[in-house]
Amino acid sequence: MCKITVVLGFAQEPYFHRLIEQFLAAPLVAKALVIAPEDPGLMPAGCEYLEGPAPTAGAILHLLLEKVDTPYLLFLQPGRELQLGPGALERLTAVADTTGAGLVYSDYDEILAGERREHPVNDYQPGSIREEFDFGGLTLFSRTAVQHSLRKWGAAAGSARAGIYDLRLKVSVDYPLYHVREYLYAERAEIAETGLFAYVDPGNYLLQKELEEVATKHLQRIGAYLKPVFAALPPPGETFPVLASIVIPVRNREHTIAEAVQSALTQETDFPFNVLVVDNHSTDGTTAILTKLAGKSGALRHIIPSRRDLNIGGCWNEAVFSPFCGRFAVQLDSDDLYASPRALRELVQTLLRENYAMVIGSYTLVNGQLEEIPPGLIDHREWTEDNGRNNALRINGLGAPRAFSTEILRRMGFLNVGYGEDYDVALRISRHYRIGRIYDSLYLCRRWGGNSDAALTIVQKNRYDAFKDQIRSLEILARQKMNGD
């Protein structure tokens, strides 16, 4: 009858013993393995102590396999108080038996401030290779799949935090990762700071480099890794009215658009440039503000698309394919500002000096009053010339401000979407061409309630995450095809 070994890390929390006892009372559970750096002392009957830094450590996985004789290992995410629903473990194991999946996970409920709410998670895709993919608090691994994957692909990564990430990527090569769309358990949720910028936190540098190595080896296993060999950027074949155009897509930003335009127009350069504002049929005072500003400056082009079905990417295409666009197209969002009047010059000089297809600068997070807020500078130093385009498939964004070769953009075009259009085009560019980085702050990025990713519901966040996973999935397929040609 017993099919499951429960694996969890020791926690000095009042709920910890209740959590273990709950699982040990389940008929399918054979035992619980508690991972801790030192003996935690008295444990409920049915528990075994295993010395180690964490259940996510690579070295622990090999010790586990020596101690586990059940078909499945159920990993509990650290620091989560869980309540099993009726028949939850029976359902997970039944699905695993039926599908032959290497890993099975499910939707769950959150309990926050006494209220219970649904927390769906996403289906796993080939592009779901970021380490923070949300599996919820329970992941059921097939022991057979784990053994096969470690024999085939080698030992799991050694750090305290990269082992499970490495394992599930290896398992995913030969086995499905199956999402049960049922709410099989509940988690007591806490309101926590977002990990949105964890991958650029200097304190996480060593871990991020290890995670990069894990992801890179996975890309090599599946034939999607790209060596640091790049296509030469073709010489300019078109005539442009100016050297550079600052592109600002906008809809309903009457409180910030004038500042953004002024920041663009006051850039100090030794070359001609213009500012292309694509006004996506604003319904507040934005259009009137832009009409007035355009009347005062010949460098400002106020473009109102004929179509009414455009999103941010579609507005970018309006600017890039217009006869006003310069040889280089440089990004500025309608609620952001350049950090200095020399930002445009630095971006264009870098494009010209290194013959890049794209250059990405760094930005500083600020609030609505332009005061710096944590974590401050976002400089994406995780990017390297040799491996940046592979590591880009592991993370959720590449930074700002972005500057492009217009001719390359005209060959590729942006997706007509309002989220992820910049990430998608950067991945496609990086597939062929070099992308340069500037690590000084060139840009002030406002975080406020009007941002597209502010105060997202779980459904909205899932939709955004699934879309970026789809972008990565398609990019992986394209790279596999390119490597196979």
| Ser149 side-chain N/O to Val146 backbone N/O, donor-acceptor pair under 3.5 Å | no
Flag if over 12 foreign heavy atoms under 6.0 Å of OH, Tyr178: no
Taking every heavy atom of Pro71 against every heavy atom of Cys2, the minimum-distance pair comes out as CD-O, 4.4 Å
Could you tell me whether Lys461 and Asp134 have a side-chain N and a carboxylate O separated by less than 4.0 Å? no
Could you go step by step and tell me if Ile4 and Thr70 meet the side-chain contact (heavy atoms from CB on, under 4.5 Å) rule?
CA-CA 6 Å; Ile4 299 172; Thr70 56; 5.5 Å; no
Rounded to the nearest 0.5 Å, the CG atom of Asn317 sits from the CG atom of Leu415 at a distance of 9.0 Å
NZ of Lys170 to CZ of Arg221, rounded to nearest 0.5 Å, is 5.5 Å
Closest non-hydrogen atoms of Tyr15 and Gly79, given as atom of the first, atom of the second and distance, are OH-C, 3.4 Å
In short, Ile408 meets Ala357 closest at the heavy-atom pair CG1-CB, 4.3 Å
Measuring only between side-chain heavy atoms, which start at C-beta, is Leu8 closer than 4.5 Å to Val34? yes
**Prompt:** Heavy atoms, side chains only, cut-off 4.5 Å: are Ile435 and Arg402 in contact?
**Reply:** no
Is any side-chain heavy atom of Asp174 closer than 4.5 Å to one of Trp153?
yes
In terms of side-chain heavy atoms, does Asn311 have a donor or acceptor partner in Arg251 at a distance below 3.5 Å?
-> no
Looking at Arg181 and Asp123, does any basic side-chain N land under 4.0 Å from a carboxylate oxygen? yes
Looking at Leu84, is its backbone amide N or carbonyl O close enough to the side chain of Gln22 to form a donor-acceptor pair, meaning the two atoms are under 3.5 Å apart? yes
| request: Please check if any side-chain donor atom of Ser430 sits under 3.5 Å from a side-chain acceptor atom of Arg479, or the reverse. | output: yes
So salt bridge (charged side-chain N to carboxylate O under 4.0 Å, His left out) across residues 11-29, not counting sequence neighbours, yields Arg18-Glu81
- Will you find, in the side chains of Tyr124 and Arg168, an N or O donor that is under 3.5 Å from an N or O acceptor? yes
Between the main-chain N or O of Gly223 and the side-chain N or O of Asn483, is there a donor-acceptor pair closer than 3.5 Å?
-> yes
Value for CZ (Arg91) from CG (Leu28), rounded to nearest 0.5 Å, stands at 13.5 Å
| said: Is there a side-chain contact (heavy atoms from CB on, under 4.5 Å) between Leu73 and Phe75? Walk through the geometry before answering. | reply: CA-CA 6 Å; Leu73 294 85; Phe75 283 85; 3.9 Å; yes
Worksheet item: More than 12 heavy atoms of other residues, nucleotides or ligands under 6.0 Å from NZ of Lys152: is that the case?
Response: yes
With Phe135 as partner, the option from Tyr165, Tyr108, Phe141, Tyr105 fulfilling ring pair (Phe, Tyr, Trp, His ring centres under 6.0 Å) is Tyr105
Rounded to the nearest 0.5 angstrom, the CD1-CG distance for Ile35 and Leu76 is 11.5 Å
* Leu103 vs Tyr175 side-chain heavy atoms within contact, under 4.5 Å -> no
No-hydrogen, no-angle side-chain donor-acceptor test under 3.5 Å, Asp107 and His179: yes
Side chains of Pro375 and Leu365, heavy atoms from C-beta outward: is any pair under 4.5 Å? yes
Original post:
Within a strict 4.5 Å, meaning less than it, do heavy atoms of the Pro44 and Leu24 side chains meet?
Top reply: yes
Of all heavy-atom pairs linking Val121 and Ser106, the shortest is CG2-O, 3.8 Å
ask   = For the side chain of Arg389 and the backbone of Lys227, is there at least one donor-acceptor N/O pair under 3.5 Å apart?
value = yes
Do the charged groups of Arg394 and Glu212 touch, with an N to O distance under 4.0 Å?
-> no
- [ ] Compute whether any side-chain donor of one residue and acceptor of the other, for Asn355 and Tyr433, lie under 3.5 angstrom apart.
- [x] no
Phe467 side chain near Tyr423 side chain, heavy-atom distance below 4.5 Å
no
Whether Asp469 and Arg130 form a salt bridge (side-chain N of Lys/Arg under 4.0 Å from carboxylate O of Asp/Glu) is what I want to check.
yes
- prompt: What do the steps show when you test Thr5 against Leu64 for side-chain contact (heavy atoms from CB on, under 4.5 Å), and what is the final call?
  reply: CA-CA 10 Å; Thr5 299; Leu64 283 175; over 6 Å; no
Check: Leu226 main-chain N/O paired with Asn390 side-chain donor or acceptor under 3.5 Å: yes
Value for CZ (Arg431) from CD (Glu475), rounded to nearest 0.5 Å, stands at 4.0 Å
Looking only at heavy atoms, the pair that brings Ser172 and His218 closest together is OG-CE1, 3.7 Å
Closest non-hydrogen contact found for Glu421 with Ile312 is OE2-CG2, 3.6 Å
For Asn122, does its backbone N or O pair with a side-chain atom of Asn462 as donor and acceptor, under 3.5 Å?
no
Any donor and acceptor pair, going by atom type alone, linking the side chain of Tyr49 with main-chain N or O of Asp39 inside 3.5 Å? yes
- prompt: Salt bridge check: are Glu213 and Lys217 linked by an N-O gap of less than 4.0 Å?
  reply: yes
*For the pair Asp335 and Arg446, find out whether any cationic side-chain nitrogen is under 4.0 Å from an anionic carboxylate oxygen.*
no
Problem - 4.5 Å side-chain heavy-atom contact, Asn252 and Asn280 - result: no
Within the 3.5 Å criterion, strictly below it, is a donor on Thr216 or Asn387 matched to an acceptor on the partner's side chain?
yes
Q) How far apart are the C-alpha atoms of Gln125 and Lys468, what are their side-chain angles, what is the distance that settles it, and do they pass the side-chain contact (heavy atoms from CB on, under 4.5 Å) test? A) CA-CA 10 Å; Gln125 305 178 50; Lys468 281 198 172 178; over 6 Å; no
Would you check if the side chain of Tyr185 reaches a backbone N or O of Gly137 as a donor-acceptor pair within less than 3.5 Å? yes
Separation between CH2 (Trp316) and CZ (Phe414), nearest 0.5 Å, reads 5.0 Å
Between Phe230 and His432, does the ring centre distance come in under 6.0 Å? no
